[in-house]
Amino acid sequence: MNGTITAVPGVEVGHWTSEEHRTGVTVAVFPEPNAAATEIRGAAPGSRETALLAPGMRVQQIQALVFTGGSAFGMAAADGVVRELAADGRGHPTRNGPVPIVPVVVIYDLDRPSGFHPGAPEGALAYRNRSPAPVRQGRVGAGRGATTSQWRGAAAVQPSGLGSARVEVGAATVGVLAVVNAVGDVFTLEGAPLTGGEMVPGQPASAITPHANTTLAVVATDARLERNDLFRLCVRSQDAVAACIRPAHTRYDGDSAFAVSCGELMADPDALGEAAFVATGRAIAAAVTGARPSGPDRNENP
């Protein structure tokens with residue numbers, strides 16, 4: 001059974017992973033028609049094309065979403081995805097041909113001696129590696145260089161990664177993909193500690209690297225929702241970030257949540273919101289547990 005976001009019909013996910021440089025790219029590709037929304041709560045986000053997902057904007061749907069390492073430099077990975085989608089004839093229709101709409105959000109994983117960051121070739125490879133198979137989790141794709149727990153100081157920092165989960169709402173499916181690069185510590189929805197630390201985190205360590213942390217999440221569903229209702233799914237996804245990561249949404253985080261409706265099934269929006277909350281919490285936990293050496297070995301390049 002597929003317990004990840006690709007259980008939503010038509011959703012595909014691909015990774016490009018660099019073992020050498022501890023960074024990577026993850027691309028989620030969505031069927032059309034769809035509708036998309038976003039909510040950004042962290043104070044240090046790195047993003048592109050997210051303004052199109054605000055209320056009142058004419059473009060309602062996206063073709064893909066890119067999560068990438070490399071901070072602002074890594075946004076170039078989306079260029080490769082855009083070119084691949086255009087070659088496939090996908091994008092917003094214009095008189096000069098389709099223009100792919102591909103929002104991109106980044107994590108900061110640049111504290112490496114090489115200075116390497118993903119670019120257009122790596123984004124294109126992640127797109128070509130897309131699959132409807134269960135999503136590979138752990139230290140892969142955009143989660144390759146993720147860490148947690150810097151709030152307690154350098155000695156507390158530990159590896160994190162990428163996780164995914166699904167929840168059923170009647171006949172509808174809600175899936176979440178999350179990359180956890182959090183300054184705070186991580187807990188399950190039930191409050192079990194996954195990285196150590198206290199539920200009430202206390203004061204920050206004396207040295208926290210500014211702009212170096214971000215949790216990214218995308219909620220996908222085959223239920224039919226308009227953008228206004230999708231915002232509520234983003235809100236509940238962000239609520240799960242706050243419940244599972246202590247602290248979250250700080251000056252050091254760029255925490256961003258997206259929601260995509262890519263189906264026609266009817267479901268109660270409030271029930272979908274609660275499913276988004278649960279699936280986000282489970283995906284966050286999977287990102288941390290999948291990154292541990294005792295967990296499944298999922299670090300290989302596609």
Side-chain angles (χ1 to χ4, degrees), residues 4-16 24-40 46-68 74-106 118-133 135 141-142 162 164 173-179 216-227 230-231 233-234 256-264 302:
T4 71
I5 192 172
T6 51
V8 178
V11 176
E12 298 179 324
V13 172
H15 300 306
W16 173 84
V25 182
T26 297
V27 178
V29 182
F30 302 100
E32 299 175 62
N34 65 58
T38 189
E39 188 197 39
I40 298 174
S47 62
R48 192 173 86 181
E49 294 275 45
T50 53
L52 281 172
L53 307 186
M57 296 299 177
R58 185 167 66 91
V59 174
Q60 292 293 304
Q61 66 182 8
I62 63 177
Q63 280 67 56
L65 175 65
V66 175
F67 290 170
T68 181
M75 291 186 199
D79 295 341
V81 179
V82 168
R83 287 200 291 267
E84 293 288 323
L85 283 162
D88 289 342
R90 296 193 60 192
H92 180 71
T94 76
R95 64 183 180 182
N96 292 316
V99 176
I101 306 300
V102 183
V104 54
V105 281
V106 306
E122 291 74 31
L125 286 171
Y127 176 82
R128 293 173 199 163
N129 288 328
R130 71 194 186 282
S131 168
V135 176
L162 175 149
S164 190
T173 299
V174 174
V176 172
L177 181 74
V179 175
L216 310 174
V218 56
V219 182
T221 181
D222 54 0
R224 183 176 181 178
L225 291 175
E226 301 299 328
R227 181 165 285 175
L230 284 169
F231 279 116
L233 268 62
C234 293
S256 305
F258 296 79
V260 183
S261 167
C262 46
E264 294 295 328

Non-hydrogen atoms of Pro9 and Pro31 that approach each other most closely | O-CG, 3.7 Å
Any side-chain heavy atom of Val174 sitting closer than 4.5 Å to one from Val219?
-> yes
Residue list, side-chain hydrogen bond (donor to acceptor under 3.5 Å, both in side chains) with Ser256, at least two apart or on another chain = none
By side-chain contact (heavy atoms from CB on, under 4.5 Å), Ala35 pairs with (sequence neighbours left out) Leu230
Does Thr221 reach the main-chain N or O of Thr173 with its side chain, forming a donor-acceptor pair under 3.5 Å?
-> yes
Qualifying residues under side-chain contact (heavy atoms from CB on, under 4.5 Å), relative to Val82, sequence neighbours excluded = Pro100, Val102
Name all residues meeting the side-chain hydrogen bond (donor to acceptor under 3.5 Å, both in side chains) criterion together with Ser164; count only those two or more places apart in sequence or in a different chain, and write none if there are none.
-> none
Side-chain donor/acceptor of Gln63 to backbone N/O of Ile101, under 3.5 Å = yes
Residues at least two apart in sequence or cross-chain that pass side-chain hydrogen bond (donor to acceptor under 3.5 Å, both in side chains) with Glu49, listed by chain then number, are none
How about Phe67 and Leu162: do any of their side-chain heavy atoms sit closer than 4.5 Å?
-> no
Got a sec, which residues hit salt bridge (Lys or Arg N to Asp or Glu O under 4.0 Å) with Asp222, two or more places apart in sequence or on another chain?
-> none
Does the side chain of Pro103 come within less than 4.5 Å of Leu52's, by heavy atoms?
-> no
Taking only distance into account, with no hydrogens and no angle test, what donor-acceptor pairs under 3.5 Å do side-chain atoms of residues 83-91 form with protein atoms, sequence neighbours excluded?
unit_1: Glu84; atom_1: OE2; unit_2: Arg128; atom_2: NE; d: 3.1
unit_1: Glu84; atom_1: OE2; unit_2: Arg128; atom_2: NH2; d: 2.8
unit_1: Asp88; atom_1: OD2; unit_2: Tyr127; atom_2: OH; d: 2.6
unit_1: Arg90; atom_1: NE; unit_2: Glu32; atom_2: OE2; d: 2.9
unit_1: Arg90; atom_1: NH2; unit_2: Phe30; atom_2: O; d: 2.7
unit_1: Arg90; atom_1: NH2; unit_2: Glu32; atom_2: OE2; d: 2.6

Correct closest heavy-atom pair for Ala78 and Arg48 would be CB-NH2, 3.4 Å
Where is the tightest heavy-atom contact between Val176 and Ala217, given as atom of each residue plus distance?
-> CG1-CB, 4.5 Å
Closest non-hydrogen atom pair, Thr50 against Ser47 | OG1-OG, 3.4 Å
Atom SG of Cys262 and atom CD of Gln61: how far apart are they, to the nearest 0.5 Å?
-> 10.5 Å
Could I get the full list of side-chain contact (heavy atoms from CB on, under 4.5 Å) partners for Ala36, not counting sequence neighbours?
-> Leu53, Ile62, Val260
Not counting sequence neighbours, which residues clear side-chain hydrogen bond (donor to acceptor under 3.5 Å, both in side chains) with Thr26? List them please.
-> His15
Compare every heavy atom of Ala133 with every heavy atom of Thr6, then report the nearest pair and how far apart it is.
-> OG1-O, 2.8 Å
side-chain contact (heavy atoms from CB on, under 4.5 Å) partners for Thr68, two or more places apart = Val25, Val66, Ala77, Val104, Val106, Pro118
Test salt bridge (Lys or Arg N to Asp or Glu O under 4.0 Å) applied to Arg227 - qualifying residues, sequence neighbours left out | none
Taking every heavy atom of Val8 against every heavy atom of Ala220, the minimum-distance pair comes out as CG2-O, 3.5 Å
